[in-house]
Amino acid sequence: MGNTVTCCVSPSGSPKLSRQVECLEDYQINTDLSDDTGPYLQHISDREVPDDLALESNPSDHARASTIFLSKSQTDVRDRRKSNHINHVSPGLLSKKYSSCSTIFIDDSTVSQPNLKSTIKCVTLAIYYHIKNRDSDKSLDIFDEKMHPLSREQVPDDYSCTDPEHKLIYRFVRTLFSAAQLTAECAIVTLVYLERLLTYAELDICPSNWKRIVLGAILLASKVWDDQAVWNVDYCQILKDITVEDMNEMERHFLELLQFNINVPASVYAKYYFDLRSLADDNNLSFPLEPLSNERAQKLEAISRLCEDKYKDLSRVAMRRSFSADNLVGIRRSNAVLS
């Protein structure tokens, strides 16, 4: 017992411990930086933003952070519900369809194939709440519609004071998507880039810049997402009075403000999709429901069988790998005793 205590307390009492102390001292000496070692190269982990700060400031980069548009819309949703409760306003006729014994309604809008019209409505509604519940009017000249007009029509003097309605934003985005034949997934990525721009550059989307910011986000999303990207000159054919040079300059500024971060993780994309569906539910925007037909039911059954067989094969392979003595010990199953 005495030797054990002496060995644990005194480094010289144990040869093994003395070697560990010497190695630790050598490590500390080698890691100390001297003035003659040249410029200090910071480790990549030290350059990264802490998780807590990143989650709060960059919702377009992290799946666990809440989206900005959903938090901005909650104020109006709560006020609307409170007003309806105080004034005893009935919800009216239910427009949502429900399945019955004879008819089953299914939603064809999925995270991989969203419904185009409904997705554009939700995205434009999110932009509407961004403009309506903005904190300030921080902007840049490159996005100012007065300095860089999209049409030859004279911009009114009070253009920066009147918030656009949801219908106007929807009509603008719908025209671009129809003319350029963009997909619903591109609309979701557009919203991701828009919120990333507002976060990185610390800007606000307001009546004076919303058209050019949305146009820049759509332009970038169409090039990143779609295989056959739409060129800048194609947008000049949609918006007759804008020049290619203006489009190129706006795209360059947009990328610089994004710090050239155009990556959209699958988890972030899925988060924005489901938050858009929550926004639709809060504002009575229902996704289209179609009755389940025999042909559709057969396709779903075939897909489910294919996935079931695939997962069975994967589970068998995983089960074989998990046994260390596969030939000695078999699978043991015990009967359940029900009392």
I'd like to know whether NZ of K299 has more than 12 heavy-atom contacts from other residues, nucleotides or ligands below 6.0 angstrom. no
Flag yes if I213 and M147 sit in one hydrophobic cluster, no otherwise; membership is Ile, Leu, Val, Met, Phe, Trp, Tyr, and two members link when side-chain heavy atoms are under 4.5 Å apart. no
Tightest non-hydrogen contact, residues V123 and A187, listed as CG2-O, 3.7 Å
Polar contact flag, side-chain donor to acceptor under 3.5 angstrom, S267-Y272: no
What is the minimum heavy-atom distance between F254 and G216, and which atoms define it? CE1-C, 3.8 Å
Taking atom CD as the centre, does E249 end up with more than 12 heavy-atom neighbours from other residues, nucleotides or ligands that are less than 6.0 angstrom away? yes
Applying the 4.5 Å side-chain criterion to the ILVMFWY set and letting contacts propagate, would L150 and V233 be lumped into a single cluster? no
Taken to the nearest 0.5 Å, the spacing of L182 CG from R174 CZ works out to 11.0 Å
Could you tell me whether the side chain of D234 reaches within less than 4.5 Å of the side chain of I238, counting heavy atoms only? no
Pair E153-S151, side-chain donor/acceptor within less than 3.5 Å: no
What are the two closest heavy atoms between Y193 and A217, and how far apart are they? CD1-O, 4.1 Å
What distance separates H148 NE2 from R212 CZ, expressed to the nearest 0.5 Å? 5.5 Å
In this structure, NZ of K132 is separated from OG1 of T75 (nearest 0.5 Å) by 9.5 Å
Kindly state whether the ring of W225 and the ring of Y269 have centres lying under 6.0 angstrom apart. yes
Considering all heavy atoms of both residues, which atom of L257 and which atom of L140 are nearest to each other, and what is their separation? CD1-CD1, 3.6 Å
Hey, quick one: are L255 and V244 part of the same hydrophobic cluster, counting side-chain heavy atoms closer than 4.5 Å, chains of contacts allowed? no
I want to know whether F143 and W210 have ring centres closer than 6.0 Å. no
Derivation and outcome, side chain to side chain contact (heavy atoms under 4.5 Å, CB included), residues I205 and K211: CA-CA 9 Å; I205 183 168; K211 284 187 177 180; over 6 Å; no
For the residue pair H166 and Y128, categorise the inter-ring angle as parallel (less than 30°), tilted (30 to 60°) or perpendicular (more than 60°). tilted
Side-chain donor-acceptor pair present, N209, S139, cut-off under 3.5 Å: yes
Would you call R277 and C122 a side-chain contact if the rule is heavy atoms closer than 4.5 Å? no
Any side-chain donor near an acceptor of the partner, D61 and Y200, under 3.5 Å: yes
Under a single-linkage definition using a 4.5 Å side-chain heavy-atom cutoff for Ile, Leu, Val, Met, Phe, Trp and Tyr, are W231 and I242 assigned to the same hydrophobic cluster? no
Member of K271, R196, E195 meeting the side-chain hydrogen bond (donor to acceptor under 3.5 Å, both in side chains) criterion with S60: R196
Hey, could you give me the CG/CG distance between L191 and L125, rounded to the nearest 0.5 Å? 10.5 Å
Do we see a donor-acceptor contact under 3.5 Å between the side chains of D204 and S136? yes
State, to 0.1 Å, how close L219 and S222 come at their nearest heavy-atom pair, and which atoms those are. O-OG, 2.8 Å
Consider only side-chain N and O atoms of N232 and K223, and report whether a donor and an acceptor are under 3.5 Å apart. yes
Honestly curious: do V111 and I303 fall in one hydrophobic cluster under the side-chain, below-4.5 Å linking rule? no
Rounded to the nearest 0.5 Å, what separates atom CG in N115 from atom NZ in K121? 9.5 Å
From I169 CD1 over to H130 NE2, what is the distance, rounded to the nearest 0.5 angstrom? 11.0 Å
Among T190, V214, I218, which residue meets the side chain to side chain contact (heavy atoms under 4.5 Å, CB included) test with L176? I218
Can you tell me if CD on E256 sees more than 12 non-hydrogen neighbours from other groups inside 6.0 Å? yes
